[in-house]
Peer 1: 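One structure is given below, represented as structure tokens, and several questions about it will come after.
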Protein chains: 2
Amino acid sequence: MKTDNITLKDIAKALNLSYSTVSRALKGSYKISEATQLLVKEYAEAHHYRPNLMAQSLKNQKSRCIGVVLCSIPNNFFAEVISGIESIAYSKDYLLIITQNLESYEREVKNLQNLTWRSVDGLLISLSTETEDVSHFQKLHDQGLPMVFFDRVTNAIPAHQVITDNIGGAYQATRHLIERGYKRIATITSSPFLSITRERLEGYNKALTEAGRHLHGEYIQYCPHGGMIIGEIESALHNLLQLPEPPDALLTASDRITIGSYSLIQRKGLLIPDEIAVAGFSNFNAPELFNPPLTTVRQNAFEMGKLATELLIDQVESKRPVSVFEKKVLPTELIVRSST
Amino acid sequence: MKTDNITLKDIAKALNLSYSTVSRALKGSYKISEATQLLVKEYAEAHHYRPNLMAQSLKNQKSRCIGVVLCSIPNNFFAEVISGIESIAYSKDYLLIITQNLESYEREVKNLQNLTWRSVDGLLISLSTETEDVSHFQKLHDQGLPMVFFDRVTNAIPAHQVITDNIGGAYQATRHLIERGYKRIATITSSPFLSITRERLEGYNKALTEAGRHLHGEYIQYCPHGGMIIGEIESALHNLLQLPEPPDALLTASDRITIGSYSLIQRKGLLIPDEIAVAGFSNFNAPELFNPPLTTVRQNAFEMGKLATELLIDQVESKRPVSVFEKKVLPTELIVRSST
DNA sequence: TTGAAAGCGGTACCAG
DNA sequence: CTGGTACCGCTTTCAA
């Protein structure tokens, strides 16, 4: 398109200045006289001058773009995270480049290549369920590309992390189930590679151990694709209900798994919570409208997106390389409803 | 960051060629000997050469970026649209720049400035509820920036449109309510500025008229912010229930309004569908889990995103200016559940 | 068929 | 304080 935007040269010509002067005046460099500075700025303002970002990028090797790596945009949790990311990016004049990998390692790698090719200034990353090897990120990290991990993180790479208190959230939910008197509390969780899986299991186990419960490993079921494939959830549930002593309560460890399980349980005609209670991690908009209203562990996804983006932009704009990395942990909220 | 990417010059130096030759060889220009072409291509391949996009952009005035203008990312409908957009953009090597305006005209304008400043190659647009005047888009359109409108479109600007069969969807849902025997069918709809509002009302009215029903205007309630503000829905509902003859059925015209109304109705203790039936436009993931399961008009949001993006990229890459504009209309799906 | 060089729109270094 | 100029990496015209 022909934006017909005014350029530095145009200003220089109009004002009879060299364009290096104009450039400096515009960024308020102290070596320029007040008078010229004002002159230039006013002219620029009046003519709606905006620096050409492509030129700036080329020169500075900075694009003012942030790359986002995640599994699925329409997933409620991530959609809210993105919204948080956008809110900060907007206010700091960064633009987002969002990629989704649908839980495929291969696509994660390919998306990453695209993003770096685009020379993003930094990366916000939540790993795919298939991702065990993080060397593709490691390589970029070694080259000095700022990155912040959120939600599904890795400790293999020293970087800022923003996560939910997964241990606490799962612990709290499991305790709640114990207190309600449920005896055999099973859990359906995501891929064992994921940090969130490990942490949520830890919370779950902690609550059970504290209560002196010892449950067979069979009460823990994994979905290698995080419930992306509905059959995974189906067979997980099937395995649980097949047990000689089937569970009387279920903790589901992610949005997709929660909805999927709930739906399948209903379809099987099991009564919730009488035959099986359900509590789950979920950022679904309206769990109170469910039948029965669903007990959820809610994460502050919007805040997570905001925090991660703030950390990232700080790092991108920091003069000296960042070497101390923060790990922000956001609290979860257990909302008890009648499914438990 | 230091991507340490190999450049044209590097190749030229290594191969003892001028870099114009290398450039031409790489894009398979016919004026280059087979031999050199092969040589260059192989070397480039082997060394993972990728052209610097910032340089290319600067030179070609093309960024391979698509700007997306919409109201809210976490809104289910739009999240699905974005997913569709991403799927095409990914396959054609375009990147997305997504902005959300939270139904604010002012923010829509500011986002647009950002996008054009970024020199996106094209725009995918769904208007905010506040947008009555589209001159900010018109101006860009006049400058030749390709744009495709989806969902909330305007006829003031000649451009491709991808929409849902809103008339048909609302008509079908309203007919369904009539056939079920409901007498006073009210509707809560979005901002009167929006194309979707007008069309859905048209379908609603058509069904009523065909059935020989004449309803007072009071049975139509608007939410100027599309339900972004919950109070809007509250007062709309309040107005309806206050009527001397309150409605016995309700058609809600958007995702947010549907969920909001459902929730409020429940909170008021009204029985659905006995005291009031509800059917609504919604791309919510699991309306079958609701209590009672919700009758919905579902749109093919993913497909909408895909189609719009295909149209846009075709236009962006077309050699000659496009002058014939398509209007793609996607079918809706009425899924009857027990709320009606 | 290939090479040299201008230029896209900035930034920043070096002189003056 | 200001001007001149090289350069970021690539495309493209003009000459050879």
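Values below: every heavy atom of this structure, side chains too, minus hydrogens, waters and symmetry copies. Below, chains carry the letters A, B, ... as their sequence lines are ordered, and counting in each starts from 1.
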Peer 1: Output the rounded distance in Å from NZ (B/Lys13) to P (C/dG3).
Peer 2: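 It works out to 15 Å between those atoms.
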
Peer 1: Does A/Tyr43 have any ring pair (Phe, Tyr, Trp, His ring centres under 6.0 Å) partners at least two apart in sequence or in another chain, and if so, which?
Peer 2: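 If we apply the ring pair (Phe, Tyr, Trp, His ring centres under 6.0 Å) test to A/Tyr43, skipping adjacent residues, the hits are A/His47.
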
Peer 1: Between atom CZ in A/Arg64 and atom P in C/dG9, what is the gap in whole Å?
Peer 2: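 Atom CZ in A/Arg64 sits about 20 Å away from atom P in C/dG9.
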
Peer 1: Please name all residues satisfying ring pair (Phe, Tyr, Trp, His ring centres under 6.0 Å) with B/Phe193, sequence neighbours left out, ordered by chain then number.
Peer 2: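 Scan of B/Phe193 (ring pair (Phe, Tyr, Trp, His ring centres under 6.0 Å), adjacent residues dropped) gives none.
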
Peer 1: Quickly work out the B/Leu15 CG to C/dG3 P distance and round it to whole Å.
Peer 2: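 To the nearest whole Å, that distance equals 11 Å.
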
Peer 1: Is the shortest side-chain N/O distance from A/Ser33 to OP1 or OP2 of D/dT2 below 4.0 Å?
Peer 2: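 Checking D/dT2 against A/Ser33, a side-chain N or O does come within under 4.0 Å of OP1 or OP2.
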
Peer 1: Between C1' on C/dG10 and CD1 on A/Ile11, what's the gap in Å once rounded to a whole number?
Peer 2: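 From A/Ile11 CD1 to C/dG10 C1': 12 Å.
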
Peer 1: Name all pairs fulfilling the salt bridge (Lys or Arg N to Asp or Glu O under 4.0 Å) condition that reach into residues 110-124 of chain B, sequence neighbours left out, sorted by first residue then second.
Peer 2: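 Listed by first then second residue: nothing to list.
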
Peer 1: Using a 4.0 Å cut-off on protein heavy atoms (strictly under), produce a 5'-to-3' string for nucleotides 7-16 of chain D with B for base contact, S for backbone-only sugar-phosphate contact, and - for none.
Peer 2: BBBBBBB---

Peer 1: Keeping to residues at least two apart or across chains, list the side chain to side chain donor-acceptor pair (under 3.5 Å) pairs with something in residues 123-134 of chain A.
Peer 2: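 Checked against side chain to side chain donor-acceptor pair (under 3.5 Å) - neighbours excluded - the pairs reaching residues 123-134 of chain A are A/Glu103-A/Thr129, A/Glu108-A/Thr131, A/Ser128-A/Thr131, A/Asp133-A/Ser135.
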
Peer 1: What residues, two or more places apart in sequence or in another chain, satisfy salt bridge (charged side-chain N to carboxylate O under 4.0 Å, His left out) together with B/Lys328?
Peer 2: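 Here the qualifying residues are B/Glu326.
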
Peer 1: Among residues two or more places apart or on two chains, list those pairs meeting side chain to side chain donor-acceptor pair (under 3.5 Å) that have a residue in residues 77-89 of chain B.
Peer 2: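 Listed once each, the pairs are A/Gln100-B/Ser83, A/Gln100-B/Glu86, A/Arg107-B/Glu86, B/Glu80-B/Asn283, B/Glu80-B/Arg298.
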
Peer 1: State whether the side chain of A/Asn75 and the backbone N or O of A/Phe77 hold a donor-acceptor pair below 3.5 Å, judged by distance alone.
Peer 2: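 Checking the backbone N and O of A/Phe77 against the side chain of A/Asn75, a donor-acceptor pair under 3.5 Å is found.
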
Peer 1: For B/Tyr90, enumerate each residue passing the ring pair (Phe, Tyr, Trp, His ring centres under 6.0 Å) test, keeping only those at least two apart in sequence or located in another chain.
Peer 2: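 None.
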
Peer 1: Just how large is the angle between the end axes of the helix from C/dT1-D/dA16 to C/dG16-D/dC1, five pairs per end, to 10 degrees?
Peer 2: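 Taking five pairs per end, the axes differ by 50°.
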
Peer 1: Contact class for B/Ser57 vs. all strands (heavy atom < 4.0 Å): base, sugar-phosphate, or nothing?
Peer 2: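 Touches nothing.
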
